[in-house]
Amino acid sequence: MSALASFDLLSTATKPGKHAWIGQYAPLDWVGLNLNHGTNYRASSVHHQRYDVVWYFEDWFHEGDLHRMELLLDEIVRLVKDDGLLVLRYQHQLVPALKRFLTRRPGCTVEVDQEWDRRSELVTAFRIRRHGLERYRDPSWTFAVLTSGKKEEQVLKFIRSIRDKPQGEAQEIIICGPRAASYDAHKVTYLDKTYRADLAEISKKKNDIAEMASHPNLLVCHDRYALNPDFFDGFERFGYDFDFVTIRQWLDTGEEFPSYCALRRGDLVISGTRMLHRYDALYPGHFVNGGLFAIKTHTFRELPLNPIIFWEQAEDVEFTQILRDHSLPPRMNVFSSSETYLEGPRGELTRRTYRIGLPPLPDEQVDVPHNSPEPAPPEIQLSTTVRRVFNSTEAVLRPFLGEARASRIVASLQRRKKMTAALALLLMFHMLTLMLVLLIAIRVFL
């Protein structure tokens, strides 16, 4: 940081208050947070809204990987108090993507406090003011279930999965569907509106639920779900500073049901769907399964579902995209879970679509693609003798470390050229000596 002292970065570093350092080597008495160790880049909820200054300075911000940027930046913003600074060091090429994410985000006012442009990289201190933070601390819920009236027992199970928990006794439950005496005993309210019978106006129903909801946290689901006992405790761990999130979903057979998904084509054209088995990146066509999701009520009201997209017309895909366009990426809470049921032809179709019960295909666990190819390392000029030394070293290490790891170690040594060439030669000599001793021992004692 001393190289930037002339740009008055030191004054930011010496500001009173709590500082968080994203990385492994937190300076001074700052709090170090390595978000790479958190599933979905989530920090412990005790860190949300806690810091006056958050630093991402140890490395370039996400090193050009835009697929991780949304999740990581979303979480970093949630670490900031209602008025604080976010200091980012990043590559020049990321300016429009990064600044767009911050300024287009609802509920935040963002200004540049200081900025230093050093050709290949920028360091920016963003002044972030977060509004309405009381809505991101309140643990009260509105739960809403959509039903046609044919699954009364299943809806009742959903209601009981809430009311049977101490935290669920005072929560609001909305039924979007026909009334039933069995529901009334559990203090539910009804969405009394009629919808066209010839069209499955599911988006309108969910939008109307958001307008009716009384509490800041809203969970919307279909009538085949029940919440697991870990739901409320899981959200205490995950924290209530979120906007749009899903949870783990399980079938009664123990198989995982798809909640974090992506279209194979990666756009808003309906195509094959894949269930994602990793939560550390977002893809084109990424979406949260609309069968169950949680969202802030005010966010849903400001950014509603498209009312002219009906059931089974990928309304959940378009909705997720709209939220991402407003810098609100879909998140995954792995601490809370639910159970769902698949029966009959609908269940069989879903199983085939998502390959439930089968191992994921290779393209369902692909490595995150980078937006631009990384520059190739400069070609290393080595003499024939030194190259032979490295080749021999790799051959010696391969049986002990495996081919991939041995190749990586030798490649790393090659970048250091002459100095490590000598070390490599010394290592090979010791390994050959050890092998010779072993051979002599075998000959003598066997």
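All values derive from a computational prediction rather than experimental measurement. The residues of the chain are indexed from 1 along the displayed sequence.
Considering Leu146, Ile173, Thr147 in turn, Thr147 is the only one that fulfils the side chain to side chain contact (heavy atoms under 4.5 Å, CB included) rule with Val155.
For the pair Thr320 (side chain) and Val288 (backbone), a donor-acceptor distance under 3.5 Å is present. In this structure, the side chain of Asp113 does not engage the main chain of Ala125 through any donor-acceptor pair within 3.5 Å. Gln249 places no side-chain N or O within 3.5 Å of a backbone atom of Thr340 that could act as its donor or acceptor partner. At least one donor-acceptor pair under 3.5 Å links the side chain of Arg331 to the backbone N or O of Asn40. A distance-only check finds no donor-acceptor pair linking the side chain of Thr142 to the backbone of Leu218 [under 3.5 Å]. For Arg163 (side chain) and Lys187 (main-chain N/O), a donor-acceptor pair under 3.5 Å exists by modelled atom type. Judged by distance alone, the side chain of Asn217 and the main-chain N or O of Asp138 form a donor-acceptor pair under 3.5 Å. Here the side chain of Glu121 pairs no donor or acceptor atom with the backbone of Trp60 at under 3.5 angstrom. Checked by atom type and distance alone, the side chain of Gln171 never pairs as donor or acceptor with a backbone atom of Gly168 at under 3.5 Å. Listed for the Thr297 side chain is no donor-acceptor partner under 3.5 Å among the backbone atoms of Ser214.
Every residue meeting the salt bridge (Lys or Arg N to Asp or Glu O under 4.0 Å) condition with Arg324, not counting sequence neighbours, appears here in chain and number order: Glu70. For the salt bridge (Lys or Arg N to Asp or Glu O under 4.0 Å) test, no residue two or more places apart in sequence or in another chain qualifies with Arg224. Qualifying salt bridge (Lys or Arg N to Asp or Glu O under 4.0 Å) partners for Arg78, counting only residues two or more places apart in sequence or in other chains: Asp74, Asp241, Asp243. Legend: residues meeting side chain to side chain donor-acceptor pair (under 3.5 Å) with Arg137, ordered by chain and number and at least two apart, are Gln49.
Looking at Thr124 and Glu115, their side chains do bring a donor and an acceptor atom within 3.5 Å of each other. Inspection of the Asn207 and Glu211 side chains reveals no N or O donor paired with an N or O acceptor under 3.5 Å.
The two residues Trp21 and Glu58 come nearest to each other via the heavy atoms NE1-OE1, 2.8 Å. Of all heavy-atom pairs between Glu315 and Phe310, the closest is OE1-O, 3.7 Å. Asn34 approaches Gln24 most closely through the heavy-atom pair ND2-CG, 3.6 Å. Taking each heavy atom of Trp30 and Ala26 in turn, the nearest pair found is O-CB, 3.8 Å. Minimum heavy-atom separation, Cys176 to Ile209: CB-CD1, 4.1 Å. Nearest approach of Arg68 to Asp280, heavy atoms of both residues: CG-O, 3.3 Å.
At least one side-chain heavy atom of Leu282 sits under 4.5 Å from a side-chain heavy atom of Pro330. A heavy-atom distance below 4.5 Å is not found between the side chains of Ile247 and Asn228. Side-chain atoms of Thr246 and Met332, non-hydrogen and from C-beta on, do get closer than 4.5 Å to each other. You'll find the side chain of Pro106 stays beyond 4.5 Å of the side chain of Thr299, heavy atoms only. Residues Glu172 and Thr189 form a side-chain contact, since some pair of their non-hydrogen atoms from C-beta on lies under 4.5 Å apart. In this structure the side chain of Leu9 reaches within 4.5 angstrom of the side chain of Phe57, judged on heavy atoms. Between Leu323 and Ile295 there is a side-chain heavy-atom pair separated by less than 4.5 Å. Two residues are said to be in side-chain contact when any heavy atoms from C-beta on lie closer than 4.5 Å; Phe126 and Lys99 meet this criterion.
To the nearest 0.5 Å, the span separating NZ on Lys157 from CD on Glu339 amounts to 5.0 Å. To the nearest 0.5 Å, atoms OG1 (Thr103) and CG (Leu98) are separated by 9.5 Å. Going from atom CZ of Phe319 over to atom OG of Ser203 covers 9.0 Å, rounded to the nearest 0.5 Å. With values rounded to the nearest 0.5 angstrom, Phe287 atom CZ is found 5.5 Å from Asp316 atom CG. In this structure, CZ in Arg89 is found 11.5 Å from CG in Leu122, a value given to the nearest 0.5 Å. Annotation: the span from Ser140 atom OG to Arg135 atom CZ amounts to 12.5 Å, rounded to 0.5 Å.
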Practice item. Could you go through the side-chain contact (heavy atoms from CB on, under 4.5 Å) check for Ile322 and Asn306 one step at a time? Key: CA-CA 9 Å; Ile322 289 297; Asn306 189 329; over 6 Å; no

Practice item. Go through His298 and Tyr136 one step at a time and tell me if the ring-ring contact (aromatic ring centres under 6.0 Å, His included) criterion holds. Key: CA-CA 11 Å; His298 74 276; Tyr136 294 90; 5.6 Å; yes

Point to revise | Tyr51 and Val80: CA distance, side-chain angles, deciding distance, side-chain contact (heavy atoms from CB on, under 4.5 Å) verdict | key: CA-CA 5 Å; Tyr51 298 101; Val80 180; over 6 Å; no

**Study point:** Pair Phe231-Leu219, side-chain contact (heavy atoms from CB on, under 4.5 Å): steps then yes or no
**Key:** CA-CA 11 Å; Phe231 180 85; Leu219 183 140; 3.6 Å; yes

Practice item. Start with the C-alpha distance between Val87 and Tyr56, add both sets of side-chain angles, then the distance that settles side-chain contact (heavy atoms from CB on, under 4.5 Å), and finish with yes or no. Key: CA-CA 6 Å; Val87 181; Tyr56 199 109; over 6 Å; no

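Remark: Asp192 engages Arg179 in a salt bridge, criterion side-chain N to carboxylate O under 4.0 Å. A salt bridge does not link Lys193 to Glu201: none of the charged nitrogens lies less than 4.0 Å from a carboxylate oxygen.
Taking the ring axis of Phe335 as reference, the NZ or CZ atom of Arg237 stays within 45° of it and closer than 6.0 Å to the ring centre. Taking the ring axis of Tyr283 as reference, the NZ or CZ atom of Arg274 stays within 45° of it and closer than 6.0 Å to the ring centre. Cation-pi check for Arg42 over Phe238 is met; the charged atom lies under 6.0 angstrom from the ring centroid and within 45 degrees of its normal. Stacking of Lys205 on the aromatic ring of Tyr195 is recorded, both the 6.0 Å distance cut-off and the 45° axial limit being met.
Around the NZ atom of Lys18, the shell of radius 6.0 Å holds no more than 12 heavy atoms that belong to other residues, nucleotides or ligands. More than 12 heavy atoms of other residues, nucleotides or ligands shown are found within 6.0 angstrom of CG on Leu199.
Here Tyr260 and His286 bring their ring centres to under 6.0 angstrom of each other.
Note: Trp141 and Phe143 have parallel aromatic rings, judged against thresholds of 30 and 60 degrees for the angle between ring planes.
Residue pairs meeting the salt bridge (Lys or Arg N to Asp or Glu O under 4.0 Å) criterion with at least one partner in residues 282-303, sequence neighbours excluded, do not occur; the list is empty. The ring pair (Phe, Tyr, Trp, His ring centres under 6.0 Å) contacts involving residues 79-115 comprise nothing, where partners must be two or more places apart or lie in separate chains.
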